[in-house]
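Nothing here was measured: the structure is a model prediction, and the numbers come from that model.
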Amino acid sequence: MNFPVIKGAGYALIHAPQMALHYGTTPVTERSTNPDSEYLEKLPGHLRSFTDAVMYAPNQVYIGNSLPDELKELPRPWYENSPQGAERDGKFGEMMPEDEFIGLLKVVDAFDLVLLEESFQRSVKSKLAEHPAVGDLKLLSKLDSGSVDEEDLANFVDEKGAAPIYYDGKVVGCVKRAHEFDPALSAGVMLENLVSKASASLVLMLLLEKSGLQAEDVDYIIECSEEACGDMNQRGGGNFAKAIGEICGCANATGSDTRGFCAAPSHALVEAAALVQSGIFKNVVVLAGGSSAKLAMNSRDHIKKGMPVLEDMIGAFAVHIGENDGVNPVIRTDMIGRHKIASGASPQAVIQAIVYDPLEQVGMEITEIDRFSPEMQNPEITEPAGAGDVPNANYKMIAALGVKKGAFKRQELLKAVDEFGMPGFAPTQGHIPSGVPFVGFAREMILEQKIKRAMIIGKGSLFLGRITDLFDGISLIIEQNTGKVETGLDKEEIRQMVAEAMRDFAKTIVGEK
């Protein structure tokens, strides 16, 4: 079977401490219910500098400068023991400081909703102009005009309901509401959607720069974040995908949005693989920007334990899926794991459906999967909040069911977990940790013949929307390419075959006479 391949992956982190402080759901809720709380008083003092965020080892892993396994050797807490001298640029992408990202918000704004203070706008324009992936963007000209002075900025915020944008403790801009009455187009919602659009646009630019994929060769874009753009008549109508492609010069692409809570990226990878394998499109990009609402989500518990606020990073990713080239790792479309409606929600039922069912259908053993990438949340973020080590819990469930099936001996359970698992390193942005952070590493490790197969696992909590109480999950296997590429017959070859068959048939008729 001519499976599609993974041709590249890009990852981006945006350091956004002021957005965390002012727009993270946890601080916003606390501010409205208990504005004089000790938590809010202490929160600003626990925010990290950009340098600290860059040095943080899990962030370096996310952008490809360190391997996930290297975190095993690093003493905890990582925020106190991360190596010094790290760079913002990575093998797979980069970390961007908050001021540059605020400038990017205006660059991707199609309706002149973002206003920036004059001197701040000049400053970020000069920085973005030097950016290797962003600098040539024609839309940077948006930063040449349309700035406002401090007095006008204050008027928009205080009198016209605009959402203020902060940098270094100061208001440097705002996002205007897009409609006077529509709650789906309020200033706060527009800010959140522009954050998602800008971060996804950044990571697509990085993918194009680092992988060699040409923007004009992208046929289809699938956006799979947890945001929803629309108006009061269609609150989640979309389309983020085409909006992002427009920014990045993908003039020949179309696209659509896929939603599935945390599982959406894995669903989108499966959809992309199917589109390519069917021959409908040659080059599909699956991508997602991050969520400003989920910044500082567990900050209350971090502050209680004297930690820095580690949820100050907006995450984004992009994956390029293309036709089989005989080299890049393939996606085994004949081995897709899926949590069916009737699968059940117990941990054993979930792991059976997502992990074991696709393997058993083709007679493959669990021991033939070298690496598993489930929910890759950074445990240093989740453990203080009482959620435990999420990736490790998944690995243990996989191994425990393997013991029950006879794949491992009971005393080998922890050894198996250590061999096929790895520490979580992704920011807790819902869809961002869900399997996809390892795709770039899986591709490289397979190409370097360090591993043969990896399973990417997406899981989602559909009950969050209060429409169903179902669970969700889907998995796919990335595998070493055999080097054999099936080639279809073109029209000329078919004509020649038909002509030859007709000549042969004619000879038999002549012979009969």
Student: Let me have the donor-acceptor pairs involving side chains of residues 205-213, under 3.5 Å, with sequence neighbours excluded, atom names and distances please.
Tutor:
residue	atom	partner	partner atom	Å
K210	NZ	G90	O	3.0
S211	OG	L207	O	2.6
S211	OG	L213	N	3.2

Student: Tell me the salt bridge (Lys or Arg N to Asp or Glu O under 4.0 Å) pairs involving residues 42-55, sequence neighbours left out?
Tutor: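 Non-adjacent pairs meeting salt bridge (Lys or Arg N to Asp or Glu O under 4.0 Å): E38-K42, R48-D312.
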
Student: Is K170 salt-bridged to E150, cutoff N-O under 4.0 Å?
Tutor: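 Here K170 pairs with E150 in a salt bridge, since their nearest N and O are under 4.0 Å apart.
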
Student: For V61, does its backbone N or O pair with a side-chain atom of S66 as donor and acceptor, under 3.5 Å?
Tutor: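 No.
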
Student: Please output the side-chain donor-acceptor pairs of residues 262-273 that fall under 3.5 Å, not counting sequence neighbours, one pair per line with the distance.
Tutor:
residue	atom	partner	partner atom	Å
S266	OG	G458	N	3.3
H267	NE2	D472	OD2	2.8
E271	OE1	T258	OG1	2.8

Student: Any sub-3.5 Å donor-acceptor pair from N378's side-chain atoms to A426's backbone N or O?
Tutor: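 Checked: no pair found.
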
Student: Could R371 and D69 be called an ion pair, given the rule that one side-chain N must be under 4.0 Å from one carboxylate O?
Tutor: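 Looking at R371 and D69, the cut-off is met.
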
Student: Backbone N or O of S291 within a donor-acceptor pair of the Q429 side chain at under 3.5 Å?
Tutor: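 Present.
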
Student: Specify the closest pair of heavy atoms between H431 and C224, including all atoms of both residues, with the distance to one decimal.
Tutor: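 Smallest heavy-atom distance, with atoms named: CD2-O, 3.9 Å.
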
Student: For the pair N65 (side chain) and Q60 (backbone), establish whether a donor and an acceptor sit closer than 3.5 Å, ignoring hydrogens and angles.
Tutor: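 Side chain of N65 to backbone of Q60: no pair is present.
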
Student: What about F92 and F441, are their ring centers closer than 6.0 Å?
Tutor: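 Judged by ring-centre distance (under 6.0 Å), F92 and F441 do meet the cut-off.
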
Student: Could you please spell out the steps behind the side chain to side chain contact (heavy atoms under 4.5 Å, CB included) verdict for I314 and F101?
Tutor: CA-CA 10 Å; I314 295 167; F101 184 67; 4.1 Å; yes

Student: Are the side chain of H320 and the backbone of V218 linked by a donor-acceptor contact shorter than 3.5 Å?
Tutor: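 Checked: no pair found.
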
Student: So, for L104 and A198, which heavy atoms are closest and what is the spacing to 0.1 Å?
Tutor: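 Heavy-atom minimum between the residues: CD2-O, 3.6 Å.
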
Student: Hey, does the Lys NZ or Arg CZ of R300 hover above the aromatic six-ring of Y39, less than 6.0 Å from the centre and inside 45° of the axis?
Tutor: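 Judged by the rule, R300 and Y39 form a cation-pi pair.
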
Student: Using a 3.5 Å distance criterion without hydrogens, assess whether the side chain of T382 forms a donor-acceptor pair with backbone atoms of G388.
Tutor: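 Pair found, side chain donor or acceptor close to backbone of G388.
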
Student: Assess whether a salt bridge exists between K142 and D112, defined as any Lys/Arg side-chain N lying under 4.0 Å from an Asp/Glu carboxylate O.
Tutor: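 The answer is no: the pair does not qualify as a salt bridge.
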
Student: Please step through side chain to side chain contact (heavy atoms under 4.5 Å, CB included) for the pair E444 and K91, ending with a clear verdict.
Tutor: CA-CA 11 Å; E444 288 211 336; K91 182 186 293 186; 3.2 Å; yes

